[in-house]
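Accompanying notes for the structure given below.
Quick note on labels: first sequence line is chain A, next is B, and so on, each numbered from 1. Just so you know, these numbers use all the heavy atoms, side chains as well, and skip hydrogens, waters and symmetry mates.
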Amino acid sequence: MQKPGLLLDVVLVSDPHLLSVVRAAVERLTELSGFSPPECRSITRAVDEAVANVIRHAYGGQPNKRINLSCRRISCTVKGQHREGLEIQLLDNGLPFDRKKLTARSLDEVKPGGLGLHFMRDSMDVMEHRRVGRQNQLRLVKYIDVNAAGQDSQGE
Amino acid sequence: MQKPGLLLDVVLVSDPHLLSVVRAAVERLTELSGFSPPECRSITRAVDEAVANVIRHAYGGQPNKRINLSCRRISCTVKGQHREGLEIQLLDNGLPFDRKKLTARSLDEVKPGGLGLHFMRDSMDVMEHRRVGRQNQLRLVKYIDVNAAGQDSQGE
Amino acid sequence: MQIAARRLDQATIFDITGHIDLANSPELRKTLLKELRENKTPRVILNLTGVRYIDSSGVASLVEGLKAAKDQGLRFILYGLSPAAREVLQLSRLIKIFEVFDDEQQALA
Amino acid sequence: MQIAARRLDQATIFDITGHIDLANSPELRKTLLKELRENKTPRVILNLTGVRYIDSSGVASLVEGLKAAKDQGLRFILYGLSPAAREVLQLSRLIKIFEVFDDEQQALA
Ligand SMILES: Nc1ncnc2c1ncn2[C@@H]1O[C@H](COP(=O)(O)OP(=O)(O)O)[C@@H](O)[C@H]1O
Ligand SMILES: Nc1ncnc2c1ncn2[C@@H]1O[C@H](COP(=O)(O)OP(=O)(O)O)[C@@H](O)[C@H]1O
């Protein structure tokens, strides 16, 4: 028996070519979870950017390191409201995050780079970076839009 | 550092809805590995049928059991020839295979069912079922077609 | 997978889209058998133009539909096969037992 | 990702297909900068009709192309953006700094 809600638990190597494999799987999983097409695209984008950041920053571009990506269904109470959602957790054993750099830059300046964290924050309801032991943990959560989902339920 | 050649190691639950997630990931991985489009489709089909068989036969349709799918690049010597390929291994903790049933039925009779093993054998160069301890192991290998791949190399 | 039915005088056409696999082939089977039981139009036609994948459980559902149709003297017709769908019927040597056409016009002719 | 170049009198058009991500954005960057250095056609046009995904590293390559073009007084034009490509340029608030057109005719006009 699996931990409740677990859908997929993937170990991959830190090779950028595998990003398209991750996107294919995550996009399909978001479709199955009932998100709208733009939400599916934006969650997929967030996961892609998160994995790319691990490859580039935590592992400095080394292609043979271990990345763990797990996806589970969650249901919880947020501000007194019942919410269903998808939780995605990313683990790596690379260099620790530098907290000071982990704040997204201003978008007013036009320059290459520094967009990934923006895309992630924009797409997800929760984005939490934690260092636990020698591991970096990133937790991303997206709740299913109850307004969209509730359209054909009573009381509308 | 990972075991050599490892590309992806996926744990999923035995829910048929996840088959489309597995196909999306495997299809992309076969494309990256340099297989032709029909080969990509047929390897993806073989993995789909293999996972479906675990869900239906090893786990009798219970949706919350653990399936492990791993994909690695291999290179080896087959009949004196160097071959590169993709190895896919499937592990489950379900009922042991019944060897007698594991032979594909004749295709002369028209009836529903009994096609999965055909598709797998047809697609793959190696298909090996083993029982190790309390685990079922299925190993599938597809070699990259050297004739197709070698078209622009010397000595043709 | 999505299934929608169009009922004409002489035929019922099922427009099917998506992937047919173990997650939904039981639903396909049920839909086909119900149609064949309740509305006996002379032809049951499956529009597979939007189907990019069929696995062996999906093929099994098609075979059951075909058998139920034959039992009642009705025609069971497929059209719009993608490369993947065609491959799977060829591999299982079942392509010859189905009536397969290129498009709707031929299927209705 | 695949890139192919078509060189016209007044423009170089790059037909790009596939996904642009960390695995190939360095190649895109290199190709664009090389073109801008070696063949100074007045317009460099990127046909993105076949591009279904661009990540932030791909956007960074486009920004570098744009900057290099501006430095030389050349125009840098995008056309054929998919919903995903448009979203990513909007999110990064960069859509307004690029010249974006619907199709090749407009990009060449
Ligand atoms: N997984 C990570 N590990 C370590 N540092 C990170 C990680 N993700 C992001 N960072 C830091 O945050 C900065 C901003 O990240 P991001 O917005 O994705 O832009 P970019 O990666 O293009 O610099 C990075 O430059 C890096 O210093
Ligand atoms: N993973 C498995 N575990 C146990 N038995 C299996 C497994 N895969 C196949 N089998 C046995 O082999 C038979 C033939 O399999 P297959 O050709 O896939 O057709 P089907 O699954 O439609 O019966 C199955 O009916 C089953 O008895």
Side-chain angles (χ1 to χ4, degrees), chain B residues 12-28 30-31 35-63 67 104-124, chain C residues 1-3 16-33 36 44 46 48 50-71 75-76 78 81-100:
Chain B
L12 66 148
V13 291
S14 50
D15 178 341
H17 290 98
L18 292 178
L19 285 169
S20 62
V21 176
V22 168
R23 287 197 302 273
V26 170
E27 181 144 43
R28 189 66 199 114
T30 56
E31 287 165 11
F35 291 103
S36 70
E39 284 173 333
C40 292
R41 288 197 294 271
S42 85
I43 299 168
T44 304
R45 180 157 48 229
V47 176
D48 174 88
E49 297 289 344
V51 177
N53 274 348
V54 170
I55 295 175
R56 290 201 303 151
H57 302 302
Y59 288 136
Q62 296 173 85
I67 301 175
R105 69 165 172 87
S106 155
L107 287 181
D108 293 335
E109 206 184 342
V110 172
K111 63 174 186 186
L115 298 170
L117 290 172
H118 272 289
F119 293 174
M120 289 158 64
R121 188 158 301 147
D122 231 276
S123 305
M124 307 303 291
Chain C
M1 182 193 62
Q2 266 98 44
I3 316 184
I16 309 178
T17 51
H19 289 204
I20 306 178
D21 67 12
L22 189 58
N24 50 44
S25 57
E27 182 195 340
L28 174 61
R29 178 179 172 279
K30 229 172 80 185
T31 306
L32 293 177
L33 296 185
L36 288 161
V44 171
L46 270 55
L48 300 175
V51 173
R52 283 183 6 258
Y53 185 79
I54 307 183
D55 76 355
S56 72
S57 74
V59 172
S61 295
L62 297 183
V63 171
E64 293 205 60
L66 175 72
K67 292 205 156 187
K70 286 207 169 158
D71 284 350
R75 286 174 67 184
F76 189 84
L78 312 178
L81 272 62
S82 67
R86 191 171 287 275
E87 278 163 11
V88 106
L89 290 179
Q90 264 155 356
L91 271 174
S92 54
R93 299 205 216 142
L94 291 169
I95 192 118
K96 59 187 184 302
I97 69 157
F98 288 100
E99 287 193 73
V100 178

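To the nearest 0.5 Å, atoms NE2 (B:His17) and CG (C:Asn24) are separated by 7.0 Å. Note that the CG atom of B:Leu115 and the CG atom of C:Asp55 stand 10.0 Å from one another [nearest 0.5 Å]. One finds the NE2 atom of C:His19 at 10.0 Å from the CG atom of B:Asp48 (value rounded to the nearest 0.5 Å). Once rounded to the nearest 0.5 Å, the distance linking OG of B:Ser106 with CZ of C:Arg93 reads 7.0 Å. Atom OG of C:Ser56 sits about 10.0 Å away from atom CE of B:Met120, to the nearest 0.5 Å.
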* C:Ser92 vs B:Phe119, side chain to side chain contact (heavy atoms under 4.5 Å, CB included): CA-CA, chis, key distance, verdict -> CA-CA 8 Å; C:Ser92 54; B:Phe119 293 174; 4.0 Å; yes

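With a threshold of 4.5 angstrom between heavy atoms, B:Arg45 approaches chain C through its backbone and through its side chain. With a 4.5 Å cut-off on non-hydrogen atoms, C:Leu22 touches chain B through its backbone and its side chain both. For B:His118, no part lies under 4.5 angstrom from a heavy atom of chain C. With a 4.5 angstrom heavy-atom cutoff, C:Leu91 touches chain B via backbone and side-chain atoms both.
By the neighbour-count criterion of 12 heavy atoms within 6.0 Å, atom CZ of B:Arg28 is densely surrounded, having more than that number from other residues, nucleotides or ligands. Environment of CZ in C:Arg75: crowded, with over 12 heavy atoms of neighbouring residues, nucleotides or ligands closer than 6.0 Å.
The shortest side-chain heavy-atom distance between C:Glu87 and B:Ser42 does not fall under the 4.5 Å cut-off.
Highest contact tally toward chain C, considering only B:Leu19, B:Ile55, B:Leu107, B:Asp15, is held by B:Leu107 [criterion: heavy-atom pairs under 4.5 Å].
Remark: side-chain polar atoms of B:Lys111 are not paired, donor with acceptor, to backbone N or O of C:Val63 under 3.5 angstrom.
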